[in-house]
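A short write-up of the structure that comes next.
Along the sequence shown, residues are numbered consecutively beginning with 1.
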Amino acid sequence: MTEKRVETAADLAKSMTELYTAALSQPAKAWSQSLAASQEMFRSLTGTATIEPEKGDKRFRDPVWTSNPGYRALMQSYLAWSNSVTGWVDSLDASPRDKMRAKLVAGLVTDALAPTNAVLTNPAAMKVTLEQGGKNLVTGLQHFIADMTKNGGLPSMVDKSKFTVGENLAVSPGKVVYAEDHLELIQYAAQTEEVWSRPIFIVPPQINKFYIWDLAPGRSIVEHLVSQGHQVFLVSWRNPGEAQADWDLASYVEALDRATEVACEISGSPDLNLVGACSGGIAAALLLALWGARGVERAGSLALFVAILDTAGAKETSLGLFANFETLELARMFSRSKGVLEGKDLERAFAWLRPNDLIWAYWVNNYLMGNEPSAFDILYWNADTTNLPAALHADLLGLIETGGVTAGSGPSIGGQALKLADITCDVYLMGGETDHITPWDGCYLTRAGLGGNSTFVLSQSGHIQSLINPPGNPKARYLTHDGAHATPEEFLAGAETHTGSWWPHWLAWLDAHGGERVAAPKAVGSRRRQPLGDAPGAYVGAAA
């Protein structure tokens, strides 16, 4: 990969220093915001305030917050103060990047001081405490001590005792047919008499374990694909340790190149339908760009889910997590390893980007209410973390700094410059309407740089829930636009809304790119590639 400048935690400190200097030189703006907040607080005390929580703010859903005058005044006073802090940062004469970082820090403070986070000022917690005579607080203290000692200081999101990989998660029948340092390659057993001749090759994110694609039965993408007659190969990344510190993005792409050769050899197909999500989508796209530059014809199609490839044309509001990616540098301060960012530190860094949903909601549930964490497969997967090699971490940060995989500023592998225009096969793109990590309008921008035709679909959910969207959910919906459109706004203006999961829409697209219907293989692997073991393989449970 090319050399790139990487931001460090010092950049965050520098931004805060510059904001502090700007604030001291502009005291009138602080006074103005304070006056406005005081007036709004006075109106809340007199019952004339109209301020309400933003749409999607779940902290104040309890009806007591609106029915009880005292709690309503407390909520409105807090919101007035919180909004004034954000407004004050916005009003300062500083760079957009510095303001964004300052908002990140200010948000951590205001979210932590929300009245919902304390027993006496949380009506639901007070009600439970009175009903149980404080038993909930005793249980909550036990949860708190357990989390401090066993969960890295974060409130537990899930009851881990309810899940075991290979028993009730990642149970689709298959075999490991290839393994190397970076990855194991799993081939899943056919479930139909005939299959499509062109197989599907799935690239999961490098910073999570692969079985998000093979969750519990009925919610497994792999299960759904093989039930519809598709041959499926899936990568399981190794959890890297200090010895793998030099694994960069190029090494991951080259490993994928070797694994796709194996998949083609076993299936007898000259090409593949590649699928990638999030950072796995970045690696998949780079692989196809590399093939395009080298003249390798191995791509039948590409599907990219919740992946941002063009950061040069994106607004900061379209970058989500990536606009705050320097927070991953803060994870270094938590890590005791050299050469890798530990999975728990990455989980902590991600959680503090959405503290209300990923920290304080569980603080209230586990500690104030005394409830047990839920048993939810996605949350278990999210907590089953992996490490990030230092070199890969630097390359991902560098992509953001230099504009992503765009013409003229993209990365290089083996001296070969890569650009999206070299991806000439058909591409299926999916974004999540409420995705905070890779906002959908940032995902949409990939279309402009591609060298072939593309189809964009907008799912109604967030980063992971939009991906795990099996048919049968009556609340599910997705948007498509078959006409001409060049911007997210144009897509929305002419989009058609469909009820249900987007999976059938994708399956129809895959069928059109599946090749011919042929007899299903009687066994996985081949004479040369004998199975090495049963799925889910050894890497998924191996420690670094």
Practice problem: For T487, check side chain to side chain contact (heavy atoms under 4.5 Å, CB included) against everything at least two apart and list the hits. | Solution: E489, E490
Quiz prompt | Partners meeting side chain to side chain contact (heavy atoms under 4.5 Å, CB included) with Y539 (sequence neighbours left out) | solution = E184, S236, R238
Is there a side-chain contact between [X] and [Y], using heavy atoms and a 4.5 Å cut-off?
X	Y	value
E223	P217	yes
S374	L379	yes
I468	I378	yes
L429	V457	no

Self-check item: side-chain contact (heavy atoms from CB on, under 4.5 Å) partner of L169, chosen from L215, V540, I212
Solution: L215
Quiz item: Of N387, T386, L249, V235, which meets side-chain contact (heavy atoms from CB on, under 4.5 Å) against Q206?
Solution: L249
Quiz item: F456 vs Y444 aromatic rings, parallel, tilted or perpendicular, using cut-offs 30° and 60°?
Solution: perpendicular
Quiz item: Only one of F210, Y211, Y252 forms a ring-ring contact (aromatic ring centres under 6.0 Å, His included) with W237, so which one is it?
Solution: Y252
Quiz prompt | Qualifying residue for ring-ring contact (aromatic ring centres under 6.0 Å, His included) with Y367, from F144, W360, Y362 | solution = F144
Self-check item: Under-4.0 Å salt bridge between K162 and E372
Solution: no
Quiz item: Taking the six-membered ring for Trp, are Y478 and H505 ring centroids under 6.0 Å apart?
Solution: yes
Exercise. Please check if the distance between the ring centroids of F305 and W506 is under 6.0 Å.
Key: yes
Exercise. Could you pull out the closest heavy-atom pair between W502 and S466, with the gap in Å?
Key: NE1-O, 2.7 Å
Quiz item: Checking salt bridge (charged side-chain N to carboxylate O under 4.0 Å, His left out) for the pair E433/R477: CA distance, chi angles, key distance, verdict?
Solution: CA-CA 10 Å; E433 187 175 15; R477 63 179 177 82; 3.0 Å; yes
